[in-house]
Asks: 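Got a structure for you, written out below as structure tokens; questions coming shortly.
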Amino acid sequence: MGLVVSEDALKKLQALMDQVEEEPLLRTFQNVHQGCVTETLIRFLKAREWNVAKAHKMIIDCLNWRVQNEIDNILSKPIIPTDLYRGIRDSQLIGLSGYSREGLPVFAIGVGLSTFDKASVHYYVQSHIQINEYRDRVILPSASKKHGQPITTCIKVLDMTGLKLSALNQIKLLTIISSIDDLNYPEKTNTYYIVNAPYIFSACWKVVKPLLQERTRRKVQVLPGCGRDELLKIMDFASLPHFCKREGSGSSKHSDNGSGNENCYSLDHPFHQKLYNHIKEQSRIHEAVEPIKQGSFHVDFPEPPAEKAEIVKTLESELHKFKISNGNCD
């Protein structure tokens with residue numbers, strides 16, 4: 001896609017967005033772009049292959065989803081009691097380990113060891129969206145200010161340690177979460193680094209990779225071992241996820257590697273402490289208007305895009321083949 005065409009598409013999309021007059025949509029759009037309007041429009045254009053009409057529809061659909069599901073208020077809805085939230089953090093493994101040398105936040109995700117078995121689907125979706133919103137409204141603006149330039153994307157390091165055939169049981173939830181990201185937080189990840197990949201991942205990747213769009217395939221890098229040496233080319237040692245810091249050490253969701261704050265998945269890690277305290281503080285501000293309610297924050301689950309549905313179907317088929325060939329055991 002040439003620069004001239006891209007600039008033309010950007011101008012056309014901006015003109016369409018300038019026509020939006022509904023106050024709720026304008027207000028939630030501010031929470032989406034955080035002052036980086038051009039970068040935001042480019043993200044949606046990329047997600048729709050620079051088709052202006054499709055990108056415009058995608059943005060409007062996203063804004064309506066945000067308004068209808070009160071996403072602007074989700075950072076004032078703590079998951080309580082704390083023990084429930086701790087259980088979610090122990091079973092939905094994600095954390096901020098640091099920043100790349102260019103200032104991009106580095107999120108670590110324990111794909112293989114996440115069990116999603118401590119709460120309902122709605123709690124896990126709520127937790128995921130809260131992390132997205134905290135990233136977009138707090139982490140990225142802070143990084144932009146520090147580096148004096150817009151930083152609107154992140155890096156994700158996906159740890160496949162412990163990935164088993166039982167992952168089939170989690171496909172529905174993971175599809176919901178990834179569809180929410182695809183439709184409402186497009187192009188927020190600069191690169192996906194896959195580390196500690198077992199054979200089952202490698203085999204599934206071979207059949208899934210051809211189904212992905214080219215721009216998505218380019219983002220995925222499968223690194224050897226724990227990926228330490230490759231990741232050190234773009235970030236300092238201190239920013240490496242804990243499961244990447246010792247070659248050959250493998251990964252554990254409770255691994256500290258010498259420091260109590262090292263495991264970025266843990267609720268005790270500074271990132272999660274700041275996030276949870278931020279949500280509790282926001283809830284106190286809103287409490288005078290609307291008392292805190294027990295229970296999860298329900299969000300409408302989108303239908304997965306056609307591409308996503310095909311990938312899931314292929315993945316399910318491949319995992320079933322593994323189950324049969326392995327005697328139905330992990």
Side-chain angles (χ1 to χ4, degrees), residues 62 64-96 107-137 156 158-159 162-185 253-254 263-269 271-273 275-280 282-284 286-287 290-305 308-309 311-313 315-316 319 330:
C62 166
N64 281 319
W65 172 81
R66 293 180 64 88
V67 171
Q68 292 162 9
N69 291 279
E70 300 182 359
I71 300 301
D72 288 348
N73 296 329
I74 201 168
L75 287 179
S76 63
K77 308 292 183 181
I79 295 175
I80 49 179
T82 306
D83 284 348
L84 172 61
Y85 189 62
R86 185 176 292 278
I88 290 172
R89 290 280 59 83
D90 286 343
S91 56
Q92 183 184 33
L93 303 180
I94 181 171
L96 179 71
F107 283 89
I109 303 174
V111 177
L113 291 171
S114 291
T115 55
F116 300 101
D117 59 353
K118 297 294 191 294
S120 70
V121 170
H122 288 284
Y123 277 119
Y124 286 113
V125 171
Q126 176 181 349
S127 166
H128 178 79
I129 295 175
Q130 285 179 332
I131 291 175
N132 278 358
E133 291 293 309
Y134 186 73
R135 173 197 66 197
D136 294 351
R137 294 197 233 169
K156 290 182 179 177
L158 280 56
D159 179 23
L163 188 66
K164 299 179 180 179
L165 293 175
S166 55
L168 184 62
N169 301 327
Q170 302 167 7
I171 284 183
K172 182 177 180 180
L173 172 58
L174 293 175
T175 301
I176 290 170
I177 288 174
S178 61
S179 295
I180 287 173
D181 284 355
D182 289 344
L183 296 173
N184 302 291
Y185 303 92
K253 62 182 177 180
H254 299 299
N263 178 6
C264 62
Y265 299 150
S266 171
L267 180 56
D268 299 321
H269 187 272
F271 165 69
H272 282 296
Q273 284 293 301
L275 166 61
Y276 201 49
N277 288 336
H278 178 86
I279 293 173
K280 287 191 291 185
Q282 292 300 308
S283 73
R284 281 193 286 269
H286 287 272
E287 193 172 7
E290 182 181 351
I292 298 175
K293 297 178 181 178
Q294 293 278 355
S296 60
F297 185 90
H298 283 222
V299 172
D300 292 336
F301 299 155
E303 284 294 318
K308 181 79 64 180
I311 290 172
V312 170
K313 185 177 180 181
L315 197 53
E316 285 180 330
L319 286 169
D330 281 333

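The basis for the numbers below is simple: all heavy atoms, side chains too, and nothing from hydrogens, waters or symmetry mates. Small disclaimer: the values here were computed from a predicted structure and weren't measured.
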Asks: Using modelled atom types only, decide if a donor and an acceptor are shared between the side chain of Arg137 and the backbone of Asp72 within a distance under 3.5 Å.
Replies: yes

Asks: Would you sort out whether Glu70 and Ile74 count as a side chain to side chain contact (heavy atoms under 4.5 Å, CB included), showing the intermediate values?
Replies: CA-CA 7 Å; Glu70 300 182 359; Ile74 201 168; over 6 Å; no

Asks: Within this structure, what is the NZ-CG distance for the pair Lys280 and Leu275, rounded to the nearest 0.5 Å?
Replies: 10.5 Å

Asks: For Gln68 and Asp300, indicate whether the former's side chain and the latter's backbone hold a donor-acceptor pair under 3.5 Å.
Replies: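 Flag not set: sc Gln68 to bb Asp300 has no pair under 3.5 Å.
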
Asks: For the pair Ile131 and Phe107, evaluate side chain to side chain contact (heavy atoms under 4.5 Å, CB included) and give the outcome as yes or no after the intermediate values.
Replies: CA-CA 10 Å; Ile131 291 175; Phe107 283 89; 4.2 Å; yes

Asks: Is the His122 to Phe301 ring centre distance short of 6.0 Å?
Replies: yes

Asks: Within this structure, what is the CD1-CD1 distance for the pair Ile129 and Ile177, rounded to the nearest 0.5 Å?
Replies: 8.5 Å

Asks: Which pair of non-hydrogen atoms, one from Ser127 and one from Gln92, has the smallest distance, and what is that distance?
Replies: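 Ser127 and Gln92 have their closest heavy atoms at OG-OE1, 2.9 Å.
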
Asks: Taking it one step at a time, do Ile279 and Tyr134 satisfy side chain to side chain contact (heavy atoms under 4.5 Å, CB included)?
Replies: CA-CA 9 Å; Ile279 293 173; Tyr134 186 73; over 6 Å; no

Asks: Side-chain contact test, heavy atoms from C-beta onward, threshold under 4.5 Å: evaluate it for Lys172 versus Val121 and give yes or no.
Replies: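 When only atoms from C-beta onward are counted, Val121 and Lys172 do not touch, as no gap falls below 4.5 Å.
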
Asks: Could you tell me the separation between the CG atom of Asn132 and the CD1 atom of Ile71, rounded to the nearest 0.5 Å?
Replies: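 CD1 of Ile71 is found 10.0 Å from CG of Asn132.
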
Asks: Using the side chain to side chain contact (heavy atoms under 4.5 Å, CB included) criterion, which residues pair with Asp136? Sequence neighbours excluded.
Replies: Leu140, Tyr185, Lys188

Asks: To the nearest 0.5 Å, what is the distance between CG on Asp117 and CG on Asp90?
Replies: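 Asp117 CG to Asp90 CG: 10.0 Å, rounded to 0.5 Å.
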
Asks: Check whether any side-chain N or O of Tyr124 sits under 3.5 Å from a backbone N or O of Lys118 as a donor-acceptor pair, and report yes or no.
Replies: yes

Asks: Can you tell me if Ser91 uses its side chain to pair, donor with acceptor, with the backbone of Thr115 under 3.5 Å?
Replies: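 Not at all, since once roles are kept as given, no pair shorter than 3.5 Å links the two residues.
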
Asks: Set out, in order, the CA-CA distance, both residues' side-chain angles and the distance that settles side chain to side chain contact (heavy atoms under 4.5 Å, CB included) for Asp268 and Arg86, then state yes or no.
Replies: CA-CA 9 Å; Asp268 299 321; Arg86 185 176 292 278; 3.3 Å; yes

Asks: Less than 4.5 Å apart, any side-chain heavy atom of Leu183 and any of Trp65?
Replies: no

Asks: Checking the side chain of Gln126 only, and the main-chain atoms of Lys77 only, is there a donor and an acceptor separated by less than 3.5 Å?
Replies: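 Yes, because the side chain of Gln126 sits within donor-acceptor range (under 3.5 Å) of the backbone of Lys77.
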
Asks: Checking Tyr265 side chain against Gly110 main chain: does a donor-acceptor pair fall under 3.5 Å?
Replies: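 Yes.
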
Asks: Work out which heavy atom in Ser283 is nearest to a heavy atom in Ser76; give both atom names and the distance.
Replies: CB-O, 3.3 Å

Asks: Does any N or O in the side chain of Asn69 come within less than 3.5 Å of the main-chain N or O of Val299, such that one atom is a donor and the other an acceptor?
Replies: no

Asks: Strictly distance-based, threshold 3.5 Å: is any side-chain N or O of His272 a donor or acceptor partner for the main-chain N or O of Ile94?
Replies: yes

Asks: Rounded to the nearest 0.5 Å, how far does CD of Gln273 lie from NE2 of His278?
Replies: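 So the NE2 of His278 and the CD of Gln273 are separated by 14.5 Å.
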
Asks: I need the Leu96 CG to His269 NE2 distance, nearest 0.5 Å.
Replies: 7.0 Å

Asks: Please list, chain by chain and in numerical order, all residues satisfying side chain to side chain donor-acceptor pair (under 3.5 Å) with Asn184, sequence neighbours excluded.
Replies: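 Not a single residue meets the side chain to side chain donor-acceptor pair (under 3.5 Å) criterion with Asn184.
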
